[in-house]
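These notes concern the structure reproduced below.
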2 protein chains.
Amino acid sequence: MPRSASVKDVAAAAGVSLGTVSNVLNRPDRVSPETRERVLKAMADLGFVRNESARQLRAGTSRTLAYVMLDASNPFFTDVASGIDAAAETADLSLVLCNSRNSATRELSHLALLEQQRVQGILVTPVDPDSPALDEVARRGTPVVVVDRTRADQSFCSVAVDDVLGGRLAVEHLIDRGHTRVAYVGGPAHLGQVRDRHEGAREAWAAAGRPADALVAIETSELSVAEGREAGARLAGLPARRRPTAVFCANDLLALGLLQHAISSGVRVPGELAIVGYDDIDFAAAAAVPLTSVRQPRQLLGRTAAELVLDEAGNPDHTHRQVLFTPELVARASTLG
Amino acid sequence: MPRSASVKDVAAAAGVSLGTVSNVLNRPDRVSPETRERVLKAMADLGFVRNESARQLRAGTSRTLAYVMLDASNPFFTDVASGIDAAAETADLSLVLCNSRNSATRELSHLALLEQQRVQGILVTPVDPDSPALDEVARRGTPVVVVDRTRADQSFCSVAVDDVLGGRLAVEHLIDRGHTRVAYVGGPAHLGQVRDRHEGAREAWAAAGRPADALVAIETSELSVAEGREAGARLAGLPARRRPTAVFCANDLLALGLLQHAISSGVRVPGELAIVGYDDIDFAAAAAVPLTSVRQPRQLLGRTAAELVLDEAGNPDHTHRQVLFTPELVARASTLG
DNA sequence: TCGTCAGGTTGAAACCTTTCAATCCGCATC
DNA sequence: GATGCGGATTGAAAGGTTTCAACCTGACGA
């Protein structure tokens with residue numbers, strides 16, 4: 001493999017100075033058409049590829065944005081990413097995606113590398129929003145925006161969706177549909193989302209004057225399809241008197257698992273069991289019984305996050321903002337008789 | 001924002017030369033414990049962050065691998081990515097993901113930037129495997145491996161799965177289950193995968209001595225859930241005599257759409273209609289009627305691709321290889337009465 | 001004919017790190 | 001007391017690009 005040609009080589013080949021080559025690259029209008037042609041030809045001949053490290057070192061500015069995602073296999077996050085991507089494209093930046101796969105260690109090493117690469121900004125859905133590592137990065141000068149999570153202190157910009165409201169919407173809908181025994185399925189409980197959605201569910205329940213013990217909680221060990229099935233089995237095991245007629249799941253994966261269990265064991269949905277999910281991923285609408293779900297503006301979430309980070313990177317009098325979006329209930333067959 | 005401290009600043013603060021600081025960073029054993037301490041403290045105090053561009057410029061070597069994915073919202077590709085990620089982690093490289101979202105233009109600009117960044121290697125599932133842009137990149141010295149696609153000429157390494165065999169497996173299974181009228185649903189036809197799977201289906205059909213016209217083909221405009229539903233409607237519109245009792249879909253998204261249509265219109269699966277998908281994404285097993293599907297070794301695909309690209313990057317007598325994996329039929333309820 | 005001007009072009013400095021040969025120092029050995 | 005040794009540290013060069021002040025060359029106006 002022939003080591004890549006440099007501007008110097010191109011300059012020599014085209015019989016111009018190296019400053020001119022750089023001009024062709026960066027300010028093509030300042031160089032006469034003939035020379036430009038000659039230089040471009042030399043580049044093509046030599047297979048010249050601009051060395052981005054050197055460019056960045058000298059120019060001091062990078063052309064990329066990064067999103068450290070929590071779990072690339074969850075469609076929710078890839079949708080957020082595509083919103084970010086759209087914004088990045090508009091700003092003529094390129095987006096690199098890193099996947100921490102739920103591991104704090106991986107997240108940390110991604111953050112470190114991105115920082116060293118002097119990316120314009122880092123968007124991150126952190127394993128633990130309270131990790132001090134995030135503050136460190138921000139303190140050292142790389143703009144950081146937290147996506148789909150929030151923090152008590154307002155130490156950086158964040159975008160999230162009002163999960164308490166989302167929980168309320170879901171349970172209000174079930175109350176409207178006449179259900180009097182409802183289950184909330186979600187976990188693990190240390191996740192902010194899981195707690196907030198539960199909180200909203202309880203608020204709505206209490207506001208309707210229903211007895212607290214008629215809102216059953218079932219805790220799962222993770223937010224997956226498999227756990228949803230498992231939860232279905234546990235529900236089915238309850239004595240008929242105490243068995244809920246509707247379930248609100250902390251996300252769509254759980255809801256899909258639950259739905260699957262119901263169908264395979266002959267439980268009619270929504271006749272015997274109504275189901276509400278959360279996230280409204282594409283597979284929710286595509287399920288065998290299309291799923292009622294709480295929709296989050298995923299793309300918008302991403303786009304807004306990108307705009308915030310760019311503002312922080314470019315605008316001298318930037319101030320941190322915590323943007324909270326409003327979720328929306330999408331009613332489908334799984335709750336509509 | 002205080003412009004980031006450099007090794008020089010750290011050296012000054014710690015009262016050592018700048019070479020020593022570099023040693024602390026790269027060969028910590030060569031510097032005495034006390035000095036090391038002092039330097040590390042200075043780094044922490046100043047919030048020093050190593051400038052990766054400068055490092056890379058001088059050292060000439062980058063620590064990253066890239067995967068340009070075709071469509072991040074398809075779980076198949078994120079699974080492939082996680083296989084790559086695992087291999088990258090083993091090799092102590094970090095992986096950046098780029099999403100071309102089915103656009104040749106975006107793909108091109110990602111390739112260009114990655115090349116300029118001198119990544120160790122590029123893995124790509126290209127929009128068009130025959131695009132000359134890929135050759136250019138490779139010719140100029142960046143190792144390129146094509147993932148989940150192949151090319152007639154063997155100009156670079158590739159990993160893929162034998163789609164003809166996959167198609168055969170699917171249809172053989174349906175023949176075994178006694179079906180005599182089968183439909184193949186897939187499209188657009190210019191995709192290699194779609195053609196190959198169809199080809200395999202026809203081979204199996206012919207091998208069983210079935211009349212060619214009893215294998216109906218339904219072409220879709222893309223491989224999505226929506227198109228699957230649409231295909232379901234078209235099937236339902238056929239006169240009963242000519243209506244197939246089983247369908248083989250070119251991917252799981254189509255199959256899920258088809259399943260959804262069947263269930264919502266009261267067609268029993270598999271009783272009246274058996275369905276086979278392709279890819280065996282997680283949602284296939286999680287569907288209301290768990291889907292029989294042709295499984296591809298996704299993670300392995302990714303891992304192998306990463307190994308090939310690393311070999312090309314590091315091994316002087318590397319030779320291009322086209323690895324072809326064998327798919328496997330996973331039979332589930334959607335075909336098992 | 002001289003001065004001015006503008007469009008092209010040049011050359012050197014700067015960006016920050018790594019590398020490596022050279023130097024330094026204290027200590028053991030003869 | 002001189003020599004040699006090894007570990008720790010130093011200083012300068014190199015890597016490819018961008019930037020910017022300076023320079024060159026015709027052309028044009030006076």
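Just the heavy atoms: all of them, side chains too, but no hydrogens, waters or symmetry mates, feed the values below. Residue numbers start from 1 in every chain, and the chains themselves are labelled A, B, ... in the order their sequence lines are given, proteins ahead of strands.
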With no hydrogens and no angle check, is any side-chain donor or acceptor of [X] less than 3.5 Å from a backbone partner on [Y]?
X         : Y         : result
Gln56(A)  : Gln117(B) : no
Arg55(B)  : Thr61(B)  : yes
Arg140(A) : Gly47(B)  : no
Ser22(A)  : Leu18(A)  : no

Whole-Å gap separating [atom2] ([N]) and [atom1] ([X]):
X         : N       : atom1 : atom2 : result
Asn26(B)  : dC20(C) : CG    : P     : 12 Å
Glu37(A)  : dG8(C)  : CD    : C1'   : 16 Å
Gln56(B)  : dG16(D) : CD    : C1'   : 12 Å
Gln116(B) : dG16(D) : CD    : C1'   : 13 Å
Asp9(B)   : dC15(C) : CG    : C1'   : 13 Å
Leu57(A)  : dT17(D) : CG    : C1'   : 8 Å

Kindly indicate, with the supporting measurements, whether the criterion side chain to side chain donor-acceptor pair (under 3.5 Å) is fulfilled by Asp279(B) and Gln296(B).
CA-CA 6 Å; Asp279(B) 282 351; Gln296(B) 315 199 53; 2.7 Å; yes
For DNA chain C, which residues in residues 40-53 of chain B have a heavy atom at a distance below 4.0 Å?
Phe48(B), Arg50(B), Asn51(B)
Does Arg27(A) have a side-chain nitrogen or oxygen under 4.0 Å from the phosphate oxygens OP1 or OP2 of dG8(C)?
no
Angle between terminal axes - the helix from dT1(C)-dA30(D) to dC30(C)-dG1(D), 5 pairs each end, rounded to 10°
50°
Quick one: which residue pairs count as a ring-ring contact (aromatic ring centres under 6.0 Å, His included) with a foot in residues 42-79 of chain B, not counting sequence neighbours?
none
With sequence neighbours left out, what residues match Gln193(A) under side chain to side chain contact (heavy atoms under 4.5 Å, CB included)?
Asp148(A), Arg149(A), Asp163(A), Arg197(A)
Expected string for nucleotides 5-14 of chain D under the B/S/- scheme (protein heavy atoms, under 4.0 Å, primed atoms plus P, OP1, OP2 as sugar-phosphate) is ---SSBBBBB
Salt bridge (charged side-chain N to carboxylate O under 4.0 Å, His left out) between Glu37(B) and Lys41(B), worked out
CA-CA 6 Å; Glu37(B) 264 333 296; Lys41(B) 173 153 186 339; over 6 Å; no
At under 4.0 Å between heavy atoms, what does Ser22(B) touch on the DNA or RNA strands: base, sugar-phosphate, or nothing?
base
Hits for salt bridge (charged side-chain N to carboxylate O under 4.0 Å, His left out) against Asp29(A), two or more places apart or cross-chain, chain-then-number order -> none
Cut-off 3.5 Å, side chains only: do Gln120(A) and Ser62(A) have a donor facing an acceptor?
no
Check this for me: does any side-chain nitrogen of one of Glu34(B) and Arg38(B) sit under 4.0 Å from a carboxylate oxygen of the other?
no
